[in-house]
Enquirer: 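The following block contains the structure, expressed as structure tokens.
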Number of protein chains: 2
Amino acid sequence: MITLYALAQSRSIRIVWLLELLGVEYELKQYQRQGIFAPDEMKRIHPLGKAPILQDGDLILTESGAIVDYLISTYGQGKFAPHRQDANYWHYQRWLHYAEGSLMPFMIMALVFYKVEHGKMPFFVKPIARQISQKTYQQFLNPQMRLHLSAINQELSDKPWLMGDDLTGADIMMSFALLGAKMRYDISPYPHILRYLQQIERDSAYQRAIQKAGEPMLNMKQTT
Amino acid sequence: MITLYALAQSRSIRIVWLLELLGVEYELKQYQRQGIFAPDEMKRIHPLGKAPILQDGDLILTESGAIVDYLISTYGQGKFAPHRQDANYWHYQRWLHYAEGSLMPFMIMALVFYKVEHGKMPFFVKPIARQISQKTYQQFLNPQMRLHLSAINQELSDKPWLMGDDLTGADIMMSFALLGAKMRYDISPYPHILRYLQQIERDSAYQRAIQKAGEPMLNMKQTT
């Protein structure tokens, strides 16, 4: 029996989506955030207490990339990933790592600087906090996001999904980071990413996931 | 022929270490940073221009976790990773994702807030920038680092390497993040991590890697 311990409105939506795609039976145990983090009771399941956590029999697994790889390897019946012998296989693995290892850190940093700018503080600190946050966006976050989004847009320019004609774990991993990017950066210069996100939102398994787990979001507004 | 495009004093050291462990022939092309990033000429090899980049015949691969997995799967001869059928295999994969996906973002954020605190700015801004940085450390970075370091220390309490008696790709991936943690957090409360880092620094392949590629570092001092 598969149990998914998830955090509401979080990156956990990816695993719900995948479980829906795979058509396996699972139980969804969803928790609410305490501030920006998972609640302490999740530490009873895994010492870090971070979502998502997948339990399948004796296996308790964390890290979304590893969970996606595990579920597709175990229940995918040859779908949702290239075969290990395919030339593409390692590019697929690269996307599984890239989503959290290279792209998501910019989203988290955007969230932290949003807090720097909008947190409670004395009025005379506010303009300086704003200046520090804006400078970080201008000198670091915005140029990096442009670089990454341009490269992803280019990848999507000649194929419907990241690995070609078929939806794979690469798309599942990248979905949340790109939905996050759309929430707080201007992604209108990247038409292939816009088209790709619409495609995800139209996927029937994704829609079932949203119905069960709610819309994903990060608690911040757009910053430019 | 394997070519590793690496950035001096960076996380690329892990791949050099692994290539030394595997005893395969490779060429190391090492670049110097431009500011905090890889130089623009690395974009000729891969559009993001981030190190490390591995080239092996027709394959050009990025993301350290994927590179480690690829090299060990291809050249490991059954060493440096559990077998795919082992109960431990997915915990191994979890470490490959965890290092960059969950632990390193705190190091990068520490680096950014170090810049916030120590960058060029008018004298009247300085105390406020310092206050913002310290608050982020106290409320966010330090508690998160304690949580993660405690869990890793616990993992290492009953075995020499993360997966047991043998050094694996999990250790290679975790080495840089933990060396980074040692540089800028007080890790004296974590004796098993201290012992583990000494063990890494004593490894003869690691020493050869350091000789070829130089000591890894992030350009910041310790912040508490």
Enquirer: Using a 4.5 angstrom heavy-atom cutoff, name the option from B:F140, B:Y89, B:F124 with the most pairs to chain A.
Expert: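 Answer, by heavy-atom pair count under 4.5 Å with chain A: B:F140.
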
Enquirer: Working to the nearest 0.5 angstrom, can you tell me the gap between A:Q93 CD and B:E63 CD?
Expert: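 That separation rounds to 11.5 Å.
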
Enquirer: Can you tell which part of A:L59 gets under 4.5 Å to a heavy atom of chain B, answering side chain, backbone, both or neither?
Expert: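 Contact with chain B: side chain only.
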
Enquirer: Please flag which part of A:Q144 lies under 4.5 Å from any non-hydrogen atom of chain B: side chain, backbone, both or neither.
Expert: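 Contact with chain B: side chain only.
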
Enquirer: Determine, step by step, whether A:D69 and B:W90 satisfy the side chain to side chain contact (heavy atoms under 4.5 Å, CB included) criterion, reporting the C-alpha distance in whole Å, the side-chain angles of both residues, the deciding distance to 0.1 Å, and the verdict.
Expert: CA-CA 9 Å; A:D69 198 2; B:W90 292 102; 3.7 Å; yes

Enquirer: Contact between A:R84 and B:R84 at the side-chain level, heavy atoms closer than 4.5 Å - yes or no?
Expert: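 Heavy-atom side-chain distance check passes, below 4.5 Å.
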
Enquirer: Does any heavy atom of chain B fall under 4.5 Å from the side chain of A:T136, the backbone, both, or neither of them?
Expert: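 The side chain, not the backbone.
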
Enquirer: Roughly how far, to the nearest 0.5 Å, is the CD atom of B:E117 from the CD1 atom of A:I132?
Expert: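 Those atoms lie 10.0 Å apart.
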
Enquirer: In the structure I gave you, are the side-chain heavy atoms of B:L147 and A:K43 within less than 4.5 Å of one another anywhere?
Expert: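 A side-chain contact exists here, since the closest heavy-atom pair is under 4.5 Å.
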
Enquirer: Pick one of side chain, backbone, both or neither for B:I60, based on which atoms fall under 4.5 Å of a heavy atom in chain A.
Expert: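 It is the backbone, since no side chain atom gets that close.
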
Enquirer: Does a sphere of radius 6.0 Å around NZ in B:K159 hold more than 12 heavy atoms from other residues, nucleotides or ligands, not counting ones at 6.0 Å or beyond?
Expert: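 Enclosed: over 12 neighbouring heavy atoms sit under 6.0 Å from NZ of B:K159.
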
Enquirer: Heavy-atom count check: over 12 atoms from other residues, nucleotides or ligands less than 6.0 Å from A:R130 CZ?
Expert: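 Counting neighbours around CZ of A:R130, 12 or fewer heavy atoms of other residues, nucleotides or ligands fall under 6.0 Å, so no.
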
Enquirer: Rounded at 0.5 Å granularity, tell me how far CG in A:L48 sits from CD1 in B:I152.
Expert: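 Reported value, rounded in 0.5 Å steps: 7.5 Å.
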
Enquirer: Would you mind checking which part of A:D58 comes under 4.5 Å of any heavy atom in chain B, side chain (CB onward), backbone (N, CA, C, O), both or neither?
Expert: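 No part of A:D58 comes within 4.5 Å of chain B.
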
Enquirer: Name the member of B:S102, B:P47, B:A151 that forms the most heavy-atom pairs with chain A at distances under 4.5 Å.
Expert: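 So the answer, after comparing B:S102, B:P47, B:A151, is B:S102.
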
Enquirer: I would like to know whether B:F113 and A:V116 meet side chain to side chain contact (heavy atoms under 4.5 Å, CB included); could you show each step before the answer?
Expert: CA-CA 11 Å; B:F113 278 95; A:V116 162; 4.1 Å; yes

Enquirer: Measuring from atom NE2 of A:H97 to atom OG1 of B:T62, what distance do you get when rounded to the nearest 0.5 angstrom?
Expert: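 The NE2 atom of A:H97 sits 10.5 Å away from the OG1 atom of B:T62.
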
Enquirer: Do you see a donor-acceptor pair shorter than 3.5 Å between the side chains of B:K115 and A:Q139?
Expert: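 Judged by distance alone, the side chains do not pair up.
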
Enquirer: Which one wins on heavy-atom pair count under 4.5 Å against chain B: A:F106, A:W95, A:Y98?
Expert: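 Ranked by contacts with chain B, first place is A:Y98.
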
Enquirer: Heavy-atom cut-off 4.5 Å, strictly under: side chain, backbone, both or neither for B:S64 against chain A?
Expert: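 It is neither, since no heavy atom gets under 4.5 Å.
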
Enquirer: Going from CZ on B:R94 to CD1 on A:I67, what distance comes out if it is rounded to the nearest 0.5 angstrom?
Expert: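 Here the rounded value is 10.0 Å.
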
Enquirer: How about CD on A:Q154, more than 12 heavy atoms from neighbouring residues, nucleotides or ligands closer than 6.0 Å, or not?
Expert: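 No - once you tally the heavy atoms of other residues, nucleotides and ligands closer than 6.0 Å, there are 12 at most.
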
Enquirer: Find the distance between CD1 (A:I108) and CD1 (B:I108) and round it off to the nearest 0.5 Å.
Expert: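 Spacing of CD1 (A:I108) from CD1 (B:I108) equals 13.5 Å.
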
